[in-house]
Amino acid sequence: MGVSLAALGACSLLRPATTPATTFYSLSNPPQSASVVGKALPRPTVTGSKAPTLLINPPHAAAGFDSPRIIYLREPHKLEYFALSQWVDPPARLMGPLLVTAIEQTGVFRAVVLMPGAASGELRLDTDLIRLQHEFLTRPSRVRLTLRATLVDDKTRRVLGRQEFEAIEIADSEDAYGGVLAANRAVQQVVDQLARFLAGQALIKD
């Protein structure tokens, strides 16, 4: 019996320990669409074939924010990462389709196209994700998102407008998932603000 117990103990030591599974999260449109963006704007003065086409370059991420890892801060300027929680894709890449959806809702563009693609257009949008981070510097913790946008005349390369947008949302709980929920709200705030800004610029250009 002693030999058997020893053998069982040896087997348990040789068996690899179970590794906790990583949980993956997404950034997505809320159940209620961002159509509220269009309601806050004046009616377009140019519609149909005369309205401009907007080309959107894939959002660019600042250094440190270009991976799927979910970033948090416990000290200023010190980026840390949740061990078992990640985005399904880098946040900048996830934001591309969200930008298209929100901007289409304004109704002031003939088409909104996420590049790369074969489409041509009058206007181009370049965006930079400056930060998307869960900050444990206060209680309750909060999520901060900062996005810089540049609207360019694609024919003349003239910059028509540039603005930085920021949203801060209180986390639902003091963990990764609470930050993910807050991040989704922050992203929706920022893309709605950006859509209004672009629509205003397009109406001014007309």
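As the structure is a prediction and not an experimental result, all values here were calculated from the model.
Considering CG of Leu99 and CG of Leu147, their distance stands at 6.5 Å, rounded to 0.5 Å.
Ring geometry for Tyr72 versus Phe82: interplanar angle of 30 to 60°, hence tilted.
Taking every heavy atom of both residues into account, Ile130 and Ala62 meet most closely at O-CB, 3.7 Å. The shortest heavy-atom contact between Ala149 and Phe165 is CB-CE1, 3.9 Å. Nearest heavy-atom pair across Arg69 and Gln86 is CA-CG, 4.4 Å.
The residue from His134, Glu135, Gln133 that alone fulfils the side chain to side chain contact (heavy atoms under 4.5 Å, CB included) condition with Arg142 is Glu135. When each of Leu55, Thr53, Leu123 is checked for a side chain to side chain contact (heavy atoms under 4.5 Å, CB included) with Asp154, only Leu55 meets the rule.
A donor-acceptor contact under 3.5 angstrom links the side chains of Gln189 and Glu169, judged on distance only. Gln188 and Asp192 form a side-chain donor-acceptor contact under 3.5 Å, judged by distance and modelled atom types alone.
Within the 4.5 Å cutoff, the side chain of Thr127 has no heavy atoms near those of the Asn57 side chain. Leu145 places a side-chain heavy atom less than 4.5 Å from the side chain of Leu129.
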Run the side chain to side chain contact (heavy atoms under 4.5 Å, CB included) test on Leu132 and Val143 for me, step by step, so that the C-alpha distance in whole Å, both residues' side-chain angles and the decisive distance to 0.1 Å come before the verdict. CA-CA 7 Å; Leu132 175 58; Val143 169; 3.9 Å; yes

